Structure formats: C-alpha cells, structure tokens
A.B. asks: 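Right, I'll just put the structure down here and ask away after.
Since this is a predicted model, take the numbers as computed values, not measurements.
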Amino acid sequence: LALALLAGCAEKLPEAHVMPLVGAEKSFGRDVAELGIRKGFTAALAPDAVLLRPAPVPAAEAVAATPETLALTWEPTFAEIAASGDLGWTTGPYEAHRDGDVATIGHGHYVSVWRKEAEHWRLVVDGGAPHPPPLDLPDRFTYAAPRVSADSADPAAELKSLRAVEDALIAGLTTPGRGAQALVAVAAPDLRYHPPGSSPVVGPGAVQTALLARADALTFTPKGAAVSRAGDLGYVYGEATRQAGPQAPVEAGGYLRIWRRAKDGRWQLALDLTITAPPPPPAPAP
C-alpha cells in the first residue's frame, strides 16, 4: 500500500509540461505588482522583445513610455509549449487599474509569447486586447497536450513555410467576402480569435459567426516571425489597420498570430489577435 501511494504521488499531472511556463507568467505578474509596471516588465523581457501598444514597438521603448500609475493584474487560463521546450505562450483575462485605486478602468485579454533562454523563460511578444467587462465567470485553466516530435533538422525551412502560410492567410483576410472562409480553412479546432474591441471567441464555428457579423476592412504587414526548434509551434506579428465601415476612420495597430503543426504536417492557426486604436483627434486650431 505504501509503495502504491508513493507511485501515485510520483505520477506527473497531465498539465505538468506547461507548468514551468505558467510559473514564469505568474512570476511576471507578481513582479509587476510588487516592483511596478516598468521594473516588472523589464525583469521578464528578452533583449529583442516587442510589445503591441497597439502597433508593435521595441519593448524597452514601450515600457519607458508606460505611466507608472498604471497597474495591471492578469491570470493565465491557457498555455501551450513546443515539443522542443523552447517556445510557448499563454493567454487569459486582465484588468487595468490606477495605482492605489481598486476601481477597474479596463478589461481585456492578454497574449504572451515566451522563449526559453538557458534555464529562464523570457518574454518575446506581448499584447492585450481591450474589450467590455465580461458577463460570465472567468475561464478555467486549460492547456495544449504535450507533443513528442523531434527537433527540426532545418529551422530555416520551417520558418519559410510558416511565412508562406501567413502570407496566404493575409491574402484571404484582405479580400472582400473571403475573410471568414480564409480563417476557418486554417483554424485549429480550438482557435482563439480576438477581434478588435470584442471579447475572444473559441472554435471555428464561433469564429465564423463572429466574422460574419463584422464588416471590418483590415490590412496586415508582417514584421517578425519565429518557430520552435521542433518546428511545431511558431508566431508572426506585425502592423495592422482596421476600418469598421466605408465612412469610418482608419485605425492603426498591430496583430499577433500563433501557429501550430497539426498531425498531418499542416500549419494550423491557434490564436489570432488584432489590436487597433482610433486616430487621435485633430489638434485645435490656433
């Protein structure tokens, strides 16, 4: 009986493979709460990190421009890690506050992409999509199942194939009347779609319904991409514009897409995040 109990204790939990990544995300959140937003972010960033604010900006520049009076709290509700253990991402709800004030001034969902350097996880891309306050309870924590594929023998070829599928998706998304079809055609079964200004939806069916209800005209310009050593997980980020209607102003911002290899070898879209902001009001006449 004692041996059986010990064996049970030694058995790994199903989510054990993503817990180091989740731990890095939660440690990041604690640092921001204890040290302030600038020091907390700086401690987690990779040297080449980019933040979507809402357009992609070098992280050091974005952090320096962030008011110290802003306080953020967030909780990861989904995590995924590459088979090679060197790339992963998390997402979940966040709240924004003014420092020292418990009143919430903003809601949304964040997405963080992490790269493992030596024994430490470093933040490489981060963005938050604001949306109205949630009407339901927070999501429970879920995760992508572990994969066991070997490291890719040719990471450059994997990155090239990722860029090609990204370019094909952009062509579909920016062709009138083809957006929903293009996105659903490459969607993973658990695709997380974050439309500008709206709460995220999960699954190709819900994504298609959300897209059919929108009339956005969008553009996307890739600025950076990377894949894991195993070639099974990758991301692309860049600049984006959005026009909500023919007479609406053009909003500028950024986007982030996370791709994973399906069992049949095809790249599938796991997450699509687009963040745009209205143009600033014109300066008053002198």
Side-chain angles (χ1 to χ4, degrees), residues 10-29 43-52 56 59 76-92 110-127 141-169 186-192 202 222-238 255-273:
E11 198 173 304
K12 287 187 175 180
L13 295 172
E15 68 272 22
H17 64 292
V18 298
M19 294 318 291
L21 175 60
V22 173
E25 184 71 62
K26 292 189 173 185
S27 178
F28 174 33
L45 295 172
D48 57 344
V50 170
L51 305 184
L52 302 184
T77 56
F78 180 84
E80 180 170 14
I81 189 169
S84 43
D86 60 322
L87 191 68
W89 62 284
T90 74
T91 186
Y110 82 90
V111 182
S112 295
V113 181
W114 295 80
R115 181 177 67 221
K116 196 170 186 181
E117 300 179 352
E119 296 303 313
H120 300 285
W121 286 99
R122 298 296 182 193
L123 189 65
V124 289
V125 186
D126 178 78
F141 178 74
T142 58
Y143 55 91
R147 290 183 293 273
V148 293
S149 60
D151 286 4
S152 169
D154 191 351
E158 300 289 1
L159 182 58
K160 183 178 179 179
S161 70
L162 175 62
R163 291 184 186 275
V165 75
E166 172 71 22
D167 289 344
L169 176 58
V186 296
D190 60 340
L191 169 62
R192 285 166 165 76
V202 180
K223 292 296 180 180
V227 296
S228 65
R229 290 193 311 269
D232 63 332
L233 193 65
Y235 65 88
V236 182
Y237 71 86
Y255 80 95
L256 169 65
R257 294 195 181 101
I258 298 175
W259 296 83
R260 74 164 72 101
R261 286 280 193 189
K263 290 183 178 179
D264 61 5
R266 293 181 299 116
W267 284 108
Q268 288 188 328
L269 189 63
L271 179 135
D272 189 310
L273 168 73

A.B. asks: Kindly give the heavy-atom pair with the smallest separation between Val124 and Ala46, and that separation in Å.
C.D. replies: CG1-CB, 3.8 Å
A.B. asks: Roughly how far apart are Asp126 CG and Phe28 CZ, rounded to 0.5 Å?
C.D. replies: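 If I round to the nearest 0.5 Å, the distance is 5.5 Å.
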A.B. asks: Answer yes or no: is there a side-chain heavy-atom contact under 4.5 Å between Val22 and Tyr143?
C.D. replies: no
A.B. asks: Atom OG in Ser84, atom CG in Asp232: separation rounded to 0.5 Å?
C.D. replies: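 It comes to 5.5 Å.
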A.B. asks: For Leu233 and Gly88, which heavy atoms make the closest approach, and how far apart are they?
C.D. replies: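 That would be CD2-CA, 4.2 Å.
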A.B. asks: Given 3.5 Å as the limit, does a donor-acceptor pair link the side chain of Arg122 with the main chain of Ala43, or not?
C.D. replies: yes
A.B. asks: Hey, what do you get for CG (Leu51) to OH (Tyr237), rounding to the nearest 0.5 Å?
C.D. replies: 10.5 Å
A.B. asks: Provide the closest heavy-atom pair for Pro76 versus Phe141 in the form atom of the first, atom of the second, distance.
C.D. replies: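 Looking at all heavy atoms of both residues, the shortest contact is O-CD1, 3.7 Å.
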A.B. asks: Is Ile81 close to Trp121 at the side-chain level, that is, under 4.5 Å between some pair of heavy atoms?
C.D. replies: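 Result yes, sub-4.5 Å side-chain heavy-atom pair found.
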A.B. asks: Do Glu166 and Trp259 have side chains that approach each other closer than 4.5 Å (heavy atoms only, starting at C-beta)?
C.D. replies: yes
A.B. asks: About how many Å separate CZ of Arg192 and CG of Leu273, when rounded to the nearest 0.5 Å?
C.D. replies: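 Leu273 CG to Arg192 CZ: 13.0 Å, rounded to 0.5 Å.
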A.B. asks: Give the minimum heavy-atom separation between Leu45 and Ala59, together with the two atoms involved.
C.D. replies: CD1-CB, 3.6 Å
A.B. asks: Less than 4.5 Å apart, side chain to side chain, heavy atoms only: is that true for Tyr255 and Pro56?
C.D. replies: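 They are not in side-chain contact.
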A.B. asks: Under a 4.5 Å cut-off applied to non-hydrogen side-chain atoms, are Thr142 and Asp190 in contact?
C.D. replies: no
A.B. asks: For Thr91, check side-chain hydrogen bond (donor to acceptor under 3.5 Å, both in side chains) against everything at least two apart and list the hits.
C.D. replies: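 Expected list: none.
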A.B. asks: At what distance, to the nearest 0.5 angstrom, does CZ of Phe78 lie from CG of Leu271?
C.D. replies: 9.0 Å
A.B. asks: Taking the side chain as everything from C-beta on, heavy atoms only, tell me whether Trp89 gets closer than 4.5 Å to Val125.
C.D. replies: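 SC-SC contact between Trp89 and Val125 ruled out.
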A.B. asks: Calculate, to the nearest 0.5 Å, the distance between atoms CD and CH2 belonging to Glu158 and Trp267 respectively.
C.D. replies: 6.0 Å
A.B. asks: Restricting to pairs with a member in residues 76-85, which pass salt bridge (charged side-chain N to carboxylate O under 4.0 Å, His left out), not counting sequence neighbours?
C.D. replies: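 Of all non-adjacent pairs touching residues 76-85, those that pass salt bridge (charged side-chain N to carboxylate O under 4.0 Å, His left out) are Glu80-Arg147, Glu80-Arg260.
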A.B. asks: Restricting to non-hydrogen atoms, name the atom on Trp114 and the atom on Leu123 that form the minimum distance, rounded to 0.1 Å.
C.D. replies: CE3-N, 3.5 Å
A.B. asks: Looking at every non-hydrogen atom in both residues, tell me the closest pair between Pro155 and Val227 and how far apart they are.
C.D. replies: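 Scanning both residues, the minimum pair turns out to be O-CG2, 3.9 Å.
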A.B. asks: Please test Arg261 against Ser228 for side chain to side chain donor-acceptor pair (under 3.5 Å), starting from the C-alpha separation and ending with a verdict.
C.D. replies: CA-CA 11 Å; Arg261 286 280 193 189; Ser228 65; over 6 Å; no
A.B. asks: May I ask you to decide whether Asp272 forms a salt bridge with Arg257, counting only side-chain N to carboxylate O separations under 4.0 Å?
C.D. replies: yes
